[in-house]
Structure formats: structure tokens, C-alpha cells
Amino acid sequence: MKIVVCVKFVPDLQSDRGFTEALTVARTSDDGVLNELDENALEFAVSLIEDQGSGDDEVIALTMGPDDAEAAVRKALQMGADRAVHVCDDAIAGSDVFGTARVLAAAIQRIGAEGAPVDLVLTGMAALDSLTSLLPTALAASLGWPQATLAIELAVDGNTVTAKRSLDGAEEIMTTTLPAVCSVTDQINEPRYPNFKAIMAAKKKSVEVLGLADLGIDPGTVGTSASWTQVVEAVATPPRAQGILVTDDGSAGANLADYLVENHLA
Amino acid sequence: MAEVLVLIDRTEDGAVRHTSLELLTLARALGEPVALWLGELGDGAKATLAEYGASAIVRPVPDVELAEFIALPHAECVVAALEDAKSRTGAPAALLLSSSFEHKEVAARVAVATGSGVVVDVSSIVPDAEGRLVAEQSAFTGSFTVRSVVVSGTPIFAVKPNSVVAEAADAATSPELVNIPVAITASAQTTRVTSRTVQPSSGRPELADASSVVVTGRGVGSDLGVVEDLADVLSAAVGSTRVVVDEGWIDHATQVGQTGVTISPKLYIGAGVSGAIHHRSGMQASQTIVAINIDPEAPIFEIADYGIVGDAATVLPQLTARLRELKA
């Protein structure tokens with residue numbers, strides 16, 4: 001089985017996040033990390049092969065991003081991916097989610113054209129920088145593949161994928177056929193911490209760097225200028241005005257009730 | 001005036017979701033509101049759409065049962081409606097839908113099929129001097145405000161609940177009913193929903209679009225009685241933090257935060273909630289934030305409009321009792 005796990009390099013949540021002058025998300029190696037929610041997708045892929053592998057299996061971590069994004073695939077390799085593909089090209093900067101999906105789809109097609117075809121593409125439920133959750137669907141659409149999204153449980157049996165999701169007060173079980181794109185939530189598993197041996201082994205694994213030319217993509221069709229949305233401005237939000245802070249002296253609950261009623265909140 | 005299509009979200013029993021009323025209100029300000037309805041349309045829902053000013057109700061009629069599928073056949077229905085709108089009245093000004101996971105999946109499929117840009121988690125849409133619709137969203141846990149325009153295809157905006165105050169139109173319309181037969185492609189039918197179980201309703205408002213939410217945190221512990229009593233008197237939804245879910249004290253569906261439900265209610269009350277960044281990014285857009293925590297250093301106090309350093313176990317019952325008294 002050949003599984004591609006898409007991973008994203010994102011600014012650390014605890015860092016001082018912001019935008020560049022070109023109004024794209026500022027990403028630097030200092031405070032960039034593997035998107036935490038992608039670890040669930042990696043964990044699923046690696047343990048699926050550990051449990052159900054046939055010996056002829058491969059888990060490939062795929063990312064698109066600047067040079068520094070190698071940090072994200074390095075972590076993926078430590079977690080057990082066999083090799084990585086990093087699409088890196090200056091022309092990609094500023095791509096919207098749909099441009100990103102086209103680039104990732106072309107990379108997945110290339111990975112599938114070498115040796116065995118790709119059976120399954122896995123992603124996390126969201127990237128913790130943009131939080132749109134649009135990519136899994138956009139990627140499936142670009143590949144022309146079916147999707148099973150936001151899985152809290154996922155099982156692969158031959159050519160059939162069964163996924164369970166829980167949204168909006170309803171629990172759904174769905175089935176689909178490989179090849180497919182599946183996204184998993186942080187409920188599906190507990191990602192492993194790479195041990196020393198895994199960290200050392202990851203150093204020997206290959207990271208293939210591809211440019212747009214390798215993927216047959218015209219640079220004019222991606223990046224900021226080809227994006228279907230355009231950011232007009234990104235401004236720092238003024239901090240919330242300092243609120244009321246009281247220490248309970250035995251009457252704080254009653255006083256809060258008065259406040260809520262006076263402000264028509266209750 | 002160009003049409004603004006609104007993909008209507010419905011409740012399990014076929015009524016119009018409150019978020020869709022907000023979208024119709026917003027659509028009226030931007031153009032001619034057209035309701036896009038998928039599935040069976042009852043008289044009650046039809047009357048609600050008329051009351052909120054829909055000039056037409058467009059009903060794509062697919063040749064499959066939509067409930068058996070996710071996203072793809074729905075998206076093909078929406079694409080058919082967009083094409084129909086173009087042939088009737090020209091290019092629509094925008095397609096509005098709600099910022100739920102389901103609607104965002106439909107949005108992404110429609111976008112790829114039609115080459116249209118999408119902005120999600122939109123809090124307002126205002127035309128600029130050139131007539132372009134500028135959508136506002138907040139980024140990085142509310143620390144930035146980002147304004148964007150769609151420059152390709154039909155602008156698709158997924159709008160956050162409680163961004164607009166839902167108001168009925170001055171006069172109810174008599175919307176024209178437009179049925180569009182849609183042949184769903186075979187490839188859109190590969191993923192099938194084989195079972196669907198609706199969890200019993202708590203009788204409280206839906207967490208995602210409730211106007212008041214009481215969130216229970218680690219500080220409240222496993223006995224949620226004080227939180228539920230307060231939620232009852234406020235007609236509020238009950239939310240939770242990740243720790244409370246991981247402890248097994250409450251169902252995951254109540255988790256507020258970046259991997260749970262994103263909320264933007266008029267009133268947020270956090271009881272025993274510390275305010276970790278994972279939680280804050282799911283609630284920072286709340287209009288009034290009240291926090292009760294025993295730890296004066298809890299980060300939630302940085303964003304609270306009204307903070308009480310105290311024990312939720314004693315503050316909440318007093319708050320509930322006094323509210324009952326004031327409302328009696």
C-alpha cells in the first residue's frame with residue numbers, strides 16, 4: 001500500500017504570528033513547526049502499515065512550502081514516514097488553498113507514476129494557521145478522487161475505506177473506494193513521540209525536493225497573482241479594552257447577574 | 001440588482017436554521033436574496049424564507065437521495081443553481097453559506113468546479129468604492145483582522161454564526177419557486193453514508209449558533225449541575241474545553257476550540273476555564289466574555305470583559321439564583 005500524508009509547516013501557536021508585507025503568513029524556521037493536527041494523519045498511516053502492511057508498503061510525507069518547511073517533513077520522518085517529498089519553488093509563495101491543492105495533486109500524481117500507484121492520501125482536519133479545513137476537499141476535487149473527511153475512526157479493508165465522523169449532533173458512517181483522500185481529526189489516535197532511534201533513523205531518510213517544472217505546472221497558474229482571493233489588508237486588531245476584574249468577596253455571583261441584566265445579556 | 005444566493009441550512013426536522021436567517025438578512029443588504037434549498041421544502045420553511053425576504057427559492061432536484069452522500073452531490077446541485085442563476089439574471093454577486101464543516105466542504109467542491117474563490121469564517125461583508133465585496137475575518141486567535149476580495153468566479157463566503165442580527169424583511173415576499181433537475185455524476189456518488197445517528201437533543205440551543213454559551217472547564221470538575229442550571233436560566237448552550245472532554249466528563253460534541261466547535265456568541269461565560277490558546281481561537285470572537293476562575297493568572301482574564309477571581313462552585317449558584325430572581 002502506498003500512502004501519501006500531506007503535512008504543513010506552520011508558525012508555532014505560541015509564537016508572535018503575523019503577516020509579511022505581501023500579506024502572506026510570515027513563516028520562519030525559528031518558530032515554524034509541523035502542524036500538530038497533521039501528526040494524527042501520520043500516526044494513522046504509520047500504524048496502519050505496522051498493523052496491516054504487506055511488506056511492499058510506503059508512507060510518503062508530502063509538503064509544499066519554503067526551504068524552512070523541511071523542518072515539517074523531518075518531523076514526519078521521525079514519526080515513521082519512509083521518505084518525503086518537498087515541493088519548493090519561489091513561484092508558489094502566496095498560493096491560495098486551491099493553488100496549493102493543484103500543486104499537491106500534481107505531486108501526488110508524480111509519486112503515483114513512479115512504481116506503485118498511490119492508494120490513499122491522508123491529511124489532518126485543519127492547519128492551525130489558517131484553520132479553513134478547505135484543503136482536503138479541494139485536494140480530492142483536484143485529483144478527481146472521492147473523499148471521506150473528519151474521521152474519528154477509519155478502517156481500510158482491501159479497496160474499501162470506512163470512516164466514522166461526528167458533526168453537528170449526528171454520527172455518520174461512510175464508505176468509499178480507494179484511491180481516496182481522507183482527513184482525520186485529533187480524536188482518532190494519540191500521535192507517538194519519536195524516540196532517539198527514530199530520530200537517528202530519520203536522518204538517513206530521503207527528502208526529494210521538487211520544483212514546479214518537475215511537476216509540469218506553469219508558474220503563472222499558482223502563487224499570489226493566480227490566487228482566486230486577494231487579501232486587501234491585514235491589520236493588527238486593537239487589544240480588547242481592559243475589562244472588569246474582581247475577586248469574589250461572597251457577592252461576585254449576584255453582582256455579575258446585575259451586570260448581565262443591565263447590559264441586556266440575560 | 002444582482003442576485004445573492006444563500007445556501008440554506010436546515011435543522012433535522014426541516015426548519016430553517018437561525019444562521020441562515022442571518023445570511024438572508026446579510027444578503028438583502030448586498031443584493032437580491034435568493035434562497036437555495038436542498039431537499040424537501042415544507043410550508044413552514046417556505047413561509048420563513050418569504051418572511052426574511054427571499055425573492056426566489058431555487059430548489060435543485062437531484063436524481064439521488066442527498067442524505068446518502070456527503071458534499072459532492074450537494075456541490076453539483078449548487079453548481080447547477082449558479083448556472084441557472086447566470087442564465088436567468090446574469091452572474092450572481094455572491095454565494096453565501098454558513099461556516100460549518102459541511103458547508104465548507106460544499107464550498108470547496110463548488111469552488112474547484114467553477115474556479116471561484118472562497119473566504120471562510122467571514123464576520124462581515126461590505127462593498128468597497130468599486131463595488132467589490134470585501135469580506136472581513138479574524139486571524140491568529142483574533143490578533144489580526146484580514147480583509148479579502150474574491151477575484152475569480154462567483155465570490156463564495158462562508159459566514160460565521162452571530163455575525164449579523166437576523167431581521168425579517170419589512171414585508172414578506174412571495175418567492176418564485178424554481179425547480180432545477182440535476183443529474184448527479186457517478187463519481188460524486190463514490191462516498192456513501194451508510195448510517196446516520198442523530199444524538200438526542202439536549203433541548204438547549206445549538207452550540208455553534210447559540211447567542212449565549214456557558215463553557216465548563218477543568219475548574220468545575222465532573223459535576224456539571226451548576227453549569228447546566230446557569231445554562232437553563234440563560235437559555236444558553238453548554239460548551240466545554242478539551243480537558244473536560246478528555247476526562248470523559250462531557251461529550252466531545254461540546255468541545256469549543258480549534259479542533260472542536262468555533263463559537264461567536266453574544267455572551268460567553270467560562271467557568272473554571274483557564275483559556276489555553278487552543279480554546280481561545282475557538283471563542284475569541286465572542287462579543288462579551290465573562291470568566292470565572294480561581295487562578296488570578298489564568299490567561300482567559302486577558303480577554304475577559306468581566307472577570308471574577310473565585311470558585312465557580314460558589315459563584316455560579318449565586319449567579320443563577322440572582323438571575324432567576326431578576327427575571328421572575
Side-chain angles (χ1 to χ4, degrees), chain A residues 13-14 17-19 37 96 98 101 125-126 128 131-134 137-138 141-142 144 146-150 166-177 185-187 228-237 240 243-248 252-254 256-261 263 265-266, chain B residues 70-71 100-102 104-105 108-109 111-112 115-120 134 138-140 142-153 187 190-199 234 252-253 258-259 266-267 277 288 290 301 303-310 315-316 318-319 322-323 326:
Chain A
L13 285 183
Q14 310 293 347
R17 298 182 292 173
F19 291 85
L37 296 170
D96 64 356
F98 302 106
M125 67 183 291
L128 294 177
L131 283 172
T132 70
S133 293
L134 293 174
T137 302
S142 293
Q147 67 194 65
T149 42
L150 300 164
S166 176
L167 278 186
D168 209 14
E171 203 166 81
E172 293 170 324
I173 297 183
M174 61 187 96
T175 62
T176 197
T177 310
T185 75
D186 60 342
Q187 298 283 298
W228 294 344
T229 50
Q230 194 188 321
V231 176
V232 181
E233 59 177 344
V235 292
T237 314
R240 285 179 92 104
I244 301 163
L245 184 63
V246 296
T247 300
D248 185 21
L256 173 57
D258 294 340
Y259 169 87
L260 294 179
V261 170
N263 289 282
L265 293 165
Chain B
I70 61 158
S100 64
F101 281 114
E102 286 102 328
K104 288 198 293 190
E105 289 184 3
R109 283 278 175 178
V112 173
S116 299
V118 181
V119 186
V120 301
V134 181
S138 75
F140 298 150
S143 57
F144 277 82
T145 301
V146 178
R147 294 186 185 88
S148 311
V149 290
V150 170
V151 292
S152 174
S187 64
T190 314
T191 304
R192 279 185 177 267
V193 175
T194 54
S195 87
R196 187 160 191 279
T197 318
V198 179
Q199 281 148 17
L234 288 169
H252 175 253
Q258 59 194 8
T259 62
K266 293 186 182 74
L267 174 63
I277 193 154
T288 298
V290 174
F301 288 130
I303 56 165
D305 300 290
Y306 197 114
I308 296 174
V309 180
V315 175
L316 292 195
Q318 190 182 63
L319 167 61
R322 175 79 177 145
L323 283 173
L326 291 171

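Protein chains get the first letters and strands the later ones, always in sequence-line order, with residue 1 at the start of each.
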Q: Report the distance from atom CZ of B/F140 to atom CG of A/L128, rounding to the nearest 0.5 Å.
A: 11.0 Å

(Q) Could you go through B/S143 and A/T237, starting from their C-alpha distance and side-chain angles, then the distance that decides it, and tell me whether this counts as side-chain contact (heavy atoms from CB on, under 4.5 Å)? (A) CA-CA 5 Å; B/S143 57; A/T237 314; 5.6 Å; no

Q: Examine distances only and state if a side-chain atom of B/Q318 and a backbone atom of A/A254 form a donor-acceptor pair shorter than 3.5 Å.
A: yes

Q: Heavy-atom distances under 4.5 Å only: say whether B/V309 touches chain A with side chain, backbone, both or neither.
A: both

Q: Show your reasoning for whether side-chain contact (heavy atoms from CB on, under 4.5 Å) applies to B/V118 and A/T132.
A: CA-CA 10 Å; B/V118 181; A/T132 70; over 6 Å; no

**Q.** chain B contact via A/A126 - which portion, at a heavy-atom distance below 4.5 Å
**A.** neither

Q. If you round to the nearest 0.5 Å, how far is CG of B/D305 from CG of A/L245?
A. 12.0 Å

Q: Please determine, by modelled atom types, if A/T176 and B/T190 share a side-chain donor-acceptor pair under 3.5 angstrom.
A: no

Q. Side chains of A/M125 and B/F101: closer than 4.5 Å at any heavy-atom pair?
A. yes

Q) Of all of B/S148, B/A139, B/S138, which one pairs up most often with chain A through heavy atoms under 4.5 Å apart? A) B/S148

Q) B/L326 versus A/L260: any side-chain heavy-atom pair under 4.5 Å? A) no

Q. For B/G115 and A/W228, which heavy atoms make the closest approach, and how far apart are they?
A. CA-CH2, 3.5 Å

Q) So what's closer than 4.5 Å to chain A heavy atoms on B/L234: side chain, backbone, both or neither? A) side chain

Q | For the student: nearest non-hydrogen atoms of A/A138 and B/A108, plus distance | A | N-CB, 4.1 Å

Q.
Under 4.5 Å from any heavy atom of chain A, what part of B/S116 do you find: side chain, backbone, both or neither?
A. backbone

Q.
Quick check for you: among B/V193, B/T197, B/V120, which has the greatest number of heavy-atom pairs under 4.5 Å with chain A?
A. B/T197

Q | Closest-packed option against chain A by number of heavy-atom pairs under 4.5 Å, given B/G117, B/A253, B/G307 | A | B/G307

Q) Quick one: of B/V315, B/V151, B/V198, who has the most non-hydrogen atom pairs under 4.5 Å with chain A? A) B/V151

Q) Quick one: of A/D96, A/V261, A/L256, A/D258, who has the most non-hydrogen atom pairs under 4.5 Å with chain B? A) A/L256

(Q) How long is the straight-line distance from OG1 of B/T259 back to CG of A/L150, given to the nearest 0.5 Å? (A) 11.0 Å

Q.
Looking only at heavy atoms and a cut-off of under 4.5 Å, which of A/L167, A/V246, A/D248 has the most pairs with chain B?
A. A/V246

Q. Quick check: does any side chain N or O of B/T194 sit under 3.5 Å from a backbone N or O of A/I173, one acting as donor and the other as acceptor?
A. yes

Q) Side chain, backbone, both or neither: which part of B/I277 has a non-hydrogen atom closer than 4.5 Å to chain A? A) side chain

Q: Using the side-chain contact (heavy atoms from CB on, under 4.5 Å) rule, take B/T288 and A/N263 through it: C-alpha gap first, then chi angles, then the decisive distance, then the call.
A: CA-CA 10 Å; B/T288 298; A/N263 289 282; over 6 Å; no

Q. Any donor-acceptor pair under 3.5 Å linking the side chain of B/R147 with the backbone of A/V232?
A. no

Q | Side chain / backbone / both / neither for A/Q147 at chain B, heavy atoms under 4.5 Å | A | both

(Q) Given heavy-atom pairs under 4.5 angstrom as the criterion, report whether the side chain, backbone, both or neither of A/L134 touches chain B. (A) both

Q. What part of A/D186 is in contact with chain B, defined as an atom under 4.5 angstrom from a non-hydrogen atom: side chain, backbone, both or neither?
A. both

Q. Between B/S152, B/A304, B/A71, which shows the greatest number of heavy-atom pairs under 4.5 Å with chain A?
A. B/S152

Q | Choice from B/V134, B/V112, B/T145 maximising heavy atom contacts with chain A below 4.5 Å | A | B/T145

**Q.** Between CZ on residue B/R192 and CE on residue A/M174, distance to nearest 0.5 Å
**A.** 13.5 Å

Q | B/V146 and A/F19: CA distance, side-chain angles, deciding distance, side-chain contact (heavy atoms from CB on, under 4.5 Å) verdict | A | CA-CA 10 Å; B/V146 178; A/F19 291 85; 3.6 Å; yes

Q. So which heavy atom on A/T149 is nearest to which on B/E105, and how close?
A. OG1-OE2, 2.6 Å

Q | Exercise: identify the closest heavy-atom pair between A/A141 and B/R109 | A | CA-NH1, 3.4 Å

(Q) For B/A111, which atoms come within 4.5 Å of any heavy atom of chain A: side chain, backbone, both, or neither? (A) both

Q | Heavy-atom contact with chain A under 4.5 Å, split by part of B/S187 | A | neither

